[in-house]
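Here the structure is laid out as structure tokens; the discussion comes afterwards.
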Amino acid sequence: MSAGGLAAARALLAGVRRLAVLTGAGMSAESGVPTFRDAQTGLWSRFDPVQLASPEGFRDDPPLVWRWYAWRRELVAGAQPNAGHRALARAAGSFDSLCIVTQNVDGLHQRAGSSDVIEIHGNILRSRCLDECGVRFERPQQLPSGEPPRCPGCGSWLRPDVVWFGEMLDPVQLRAAGEAVSGAQALLVIGTSGLVYPAAGLPLQARRAGVPVVVLNPQPTEIDSVADALVAGTAGEVLPALLARQADQPAT
Ligand code: OAD
Ligand code: ZN
């Protein structure tokens, strides 16, 4: 970890009352949830995203895609929030607002106790109707055949309530995310490669609004060029230290 980076980031956050946070898959890596693009361990090094994370892939082979998501749902259901999720949840009390915009679909921020969370890529534990008839389920049943259940509203397939490649994000949530980021006094970007838009555009949007950006990641990322402070380290190791002063000292 770069000590200079941590000190600079702490200084930058010192007087901040409204904090926005953007998280990606690295946030949950220490909970045992694999990232997408890390070599060896990333999901996209082992699986084909076009087959498993696109509307075309799903229509091509619904049981295959449904079973892959069932596997990931199990993995997420068995995972626990890590020290980084917990540090963010704890820190909320020491800011006037702490809004987390997450690309993660695992719900671990909420399970750690964070309440102001915008899930711009959806949530893997929910399902919805493939034909958008409006039906949504919190916990879909698993059929012995491995096939996705049918929508009780219209008879189409149920699909995971996540954003797939080639799909638009919910415009209401995306606008809320942009407003949270532009209206903050600092943006903390954690564990994202910065390769997937529109999420990856939020740090630049912050910077253009005059909001300083802190990037926390063990590796260089696409977002480093817009960062005012870079902290090299993992979410679980760094966040308790980075946010400690905010939590321990009441604002004066
Ligand atoms: P990526 O897999 O692209 O990037 C993960 C990032 O986390 C990398 O920059 C790693 O260096 C970093 N990382 C790894 N371990 C970490 C740790 N312990 N602490 C902090 N950082 C760590 O994941 P995302 O940027 O989230 O889209 O990917 C963006 C989107 O691409 C995902 O939301 C998903 C995927 O396709 C959808 O599902 C729509
Ligand atoms: Zn339906």
Side-chain angles (χ1 to χ4, degrees), residues 1 21-55 57 65 68-69 72 76 82-85 87-88 101-106 108 118-124 127-137 140 148-170 173-174 177 188-203 214-224 227 230-240 242:
M1 185 196 308
V21 179
L22 172 65
T23 65
M27 182 76 225
S28 299
E30 287 152 287
S31 296
V33 181
T35 65
F36 295 95
R37 294 177 186 78
D38 281 297
Q40 315 299 327
T41 57
L43 290 173
W44 299 153
S45 69
R46 293 185 282 152
F47 299 103
D48 176 4
V50 176
Q51 190 178 33
L52 296 169
S54 77
V65 175
W68 190 68
Y69 278 91
R72 285 182 57 204
V76 159
N82 64 52
H85 294 110
L88 280 170
V101 177
T102 188
Q103 300 167 82
N104 299 344
V105 296
D106 56 31
L108 287 176
I118 304 177
E119 295 180 308
I120 52 176
H121 288 171
N123 189 303
I124 199 169
S127 300
R128 69 168 195 260
C129 172
L130 181 65
D131 287 329
E132 307 288 350
C133 80
V135 165
R136 271 194 163 73
F137 279 90
R150 292 287 179 170
C151 169
C154 72
S156 176
W157 298 111
L158 287 188
R159 56 163 282 178
D161 191 7
V162 300
V163 175
W164 278 333
F165 286 102
E167 294 186 318
M168 307 284 285
L169 277 62
D170 177 341
Q173 295 213 329
L174 186 58
L188 175 55
V189 180
I190 306 163
T192 180
S193 57
L195 290 166
V196 176
Y197 284 79
L202 291 169
V214 175
V215 169
L216 164 57
N217 201 299
Q219 305 286 333
T221 76
E222 290 297 310
I223 293 161
D224 294 1
L230 288 173
V231 187
T234 72
E237 285 168 9
V238 171
L239 285 174
L242 179 58

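Only heavy atoms go into these numbers, but all of them, side chains included; no hydrogens, no water, no symmetry mates. All values derive from a computational prediction rather than experimental measurement. One-based numbering, in listed order, for ligands and for the atoms of each.
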* Verify side-chain contact (heavy atoms from CB on, under 4.5 Å) between Ser156 and Cys133, making sure each step is shown before the conclusion. => CA-CA 9 Å; Ser156 176; Cys133 80; over 6 Å; no

* **Geometry at the Zn ion (ligand 2) - Cys133 SG versus Cys129 SG angle, rounded to 10 degrees** =>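 The two atoms subtend 110° at the Zn ion (ligand 2).
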
Identity and distance of the protein heavy atom lying nearest [atom]:
{"atom": "atom 6 (C) of ligand 1", "value": "Gly191 O, 3.4 Å"}
{"atom": "atom 8 (C) of ligand 1", "value": "Asn217 ND2, 3.9 Å"}
{"atom": "atom 29 (C) of ligand 1", "value": "Gln103 OE1, 3.3 Å"}
{"atom": "atom 17 (C) of ligand 1", "value": "Gly26 O, 3.2 Å"}
{"atom": "atom 19 (N) of ligand 1", "value": "Ala235 N, 3.0 Å"}
{"atom": "atom 37 (C) of ligand 1", "value": "His121 ND1, 3.6 Å"}
{"atom": "atom 30 (C) of ligand 1", "value": "Val196 CG2, 3.7 Å"}

Under 4.0 Å from a heavy atom of [X]: which atoms of ligand 1 are those, numbered in the order shown and with their elements?
{"X": "Glu30", "result": "17 (C), 18 (N), 19 (N)"}
{"X": "Gln219", "result": "11 (O)"}
{"X": "Asp38", "result": "10 (C), 11 (O), 14 (C)"}
{"X": "Trp44", "result": "35 (C), 36 (O)"}
{"X": "Ala25", "result": "23 (O), 24 (P), 26 (O)"}
{"X": "Gly24", "result": "26 (O)"}
{"X": "Phe165", "result": "36 (O)"}

* For ligand 1, is there an atom lying under 4.0 Å from some heavy atom of Val163? -> yes

* Asked: Is Pro218 near ligand 1, meaning one of its heavy atoms is under 4.0 Å from it?
  ->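 It does, in that a heavy atom of Pro218 comes within the 4.0 Å cut-off of ligand 1.
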
* Passing option when Thr23 is tested against Leu108, Ile190, Leu216, Thr192 for side-chain contact (heavy atoms from CB on, under 4.5 Å) ->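 The side-chain contact (heavy atoms from CB on, under 4.5 Å) with Thr23 is passed solely by Ile190 among Leu108, Ile190, Leu216, Thr192.
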
Locate the shortest heavy-atom distance separating [X] from [Y]; write the atom from each residue and the value.
{"X": "Val196", "Y": "Gln103", "result": "O-OE1, 4.4 Å"}
{"X": "Tyr69", "Y": "Leu52", "result": "CE1-O, 3.2 Å"}
{"X": "Leu195", "Y": "Ala200", "result": "N-CB, 4.2 Å"}

Less than 4.5 Å apart, side chain to side chain, heavy atoms only: is that true for [X] and [Y]?
{"X": "Leu188", "Y": "Leu242", "answer": "yes"}
{"X": "His85", "Y": "Ser28", "answer": "yes"}
{"X": "Asp131", "Y": "Cys151", "answer": "no"}

Do [X] side-chain atoms and [Y] backbone N/O form a donor-acceptor pair below 3.5 Å?
{"X": "Thr102", "Y": "Asn104", "result": "yes"}
{"X": "Thr234", "Y": "Glu237", "result": "yes"}
{"X": "Glu30", "Y": "Asn82", "result": "no"}

Give yes if a backbone or side-chain nitrogen or oxygen of [X] is under 3.5 Å from a nitrogen or oxygen of ligand 1, and no if not.
{"X": "Arg37", "value": "yes"}
{"X": "Ser193", "value": "yes"}
{"X": "Ala29", "value": "no"}
{"X": "Ile190", "value": "no"}
{"X": "Trp164", "value": "no"}
{"X": "Phe36", "value": "yes"}

* **Pair Asp161-Glu119, side-chain contact (heavy atoms from CB on, under 4.5 Å): steps then yes or no** => CA-CA 11 Å; Asp161 191 7; Glu119 295 180 308; over 6 Å; no

* Evaluation steps, side-chain contact (heavy atoms from CB on, under 4.5 Å), between Trp68 and Gln51 -> CA-CA 10 Å; Trp68 190 68; Gln51 190 178 33; over 6 Å; no

* Asked: At under 4.0 Å between heavy atoms, which part of Thr192 makes contact with ligand 1: side chain, backbone, both or neither?
  ->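 Within the 4.0 Å criterion, Thr192 contacts ligand 1 through backbone and side-chain atoms alike.
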
* Please step through salt bridge (charged side-chain N to carboxylate O under 4.0 Å, His left out) for the pair Arg37 and Glu222, ending with a clear verdict. => CA-CA 13 Å; Arg37 294 177 186 78; Glu222 290 297 310; over 6 Å; no

